[in-house]
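Residues: numbered from 1 along the sequence shown.
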Amino acid sequence: IIVALKVTVVKHGGDDWPRYSPAGEGPTTTLVNLTRHDAGLYVCAADNGFTLIARAETRLRVRHRPYIEPSQDFVHSSPGESIQLTCTIHAFPPATVVWYRGVLPLSSLQYNISSDEPSYRLSLGPEQALVGNYSCTANNSYGVATKDIQLSNKVGFCLIYFNFSV
């Protein structure tokens, strides 16, 4: 008796999957050219056509340098107002994150610095919210990423469009 075994590997929640198929001897899957977007939950299913399909799940983590999501570069603050600056950082292994005002690192002993991965927050009280350049820097064994945020008490630029009909 010859039994054909069909093995598929799919990424849970993916929209362009199955992208990978078995390679090599036996039910083995080789993943190549991975990016951070390939990380996630994968399901392997084996079907011999006779019995119930066998399934197994595994979580894939892809090691990569920190990536900081694009966000607001300019934040307006009124005098005497508290403000919160946020950097959304993706990294594996997890990154060490340091906040700066200009070139000076900010200490969690003096500033309210918190994180709930992937969000890292710097909360500034009214007396701490000084105008200037702030930045978050994320560092792991694969690299470094920095995001600058300008805190200002001046109104940002505004575009006004007029539509005249004649």
Pairs of donor and acceptor atoms involving the side chains of residues 83-109, under 3.5 Å and at least two apart or interchain, shall be tabulated with distances.
unit_1 : atom_1 : unit_2 : atom_2 : d
Q84    : OE1    : S123   : OG     : 3.3
H90    : NE2    : E69    : OE2    : 2.6
R101   : NE     : Y134   : OH     : 3.2
R101   : NH2    : V131   : O      : 2.5
S107   : OG     : L109   : N      : 3.0

Quick check: closest heavy atoms across [X] and [Y], and the distance to 0.1 Å?
{"X": "S77", "Y": "E81", "answer": "CA-OE1, 3.4 Å"}
{"X": "V62", "Y": "A39", "answer": "CG2-N, 3.9 Å"}
{"X": "N140", "Y": "R65", "answer": "OD1-CA, 3.8 Å"}
{"X": "N153", "Y": "H76", "answer": "O-NE2, 3.4 Å"}

Would you give the length of the straight line joining atom [atom1] of [X] to atom [atom2] of [Y], rounded to the nearest 0.5 angstrom?
{"X": "L122", "Y": "I149", "atom1": "CG", "atom2": "CD1", "value": "8.5 Å"}
{"X": "E127", "Y": "S82", "atom1": "CD", "atom2": "OG", "value": "7.5 Å"}
{"X": "C44", "Y": "R55", "atom1": "SG", "atom2": "CZ", "value": "10.0 Å"}

**Prompt:** By salt bridge (charged side-chain N to carboxylate O under 4.0 Å, His left out), which residues pair with D73, not counting sequence neighbours?
**Reply:** K147
**Message:** Same cluster or not: L130 versus I113, using hydrophobic residues (I, L, V, M, F, W, Y) connected whenever any side-chain heavy atoms lie under 4.5 Å apart?
**Reply:** yes
**Item:** Beyond-backbone contact of L124 with L151, side-chain heavy atoms, under 4.5 angstrom
**Value:** yes
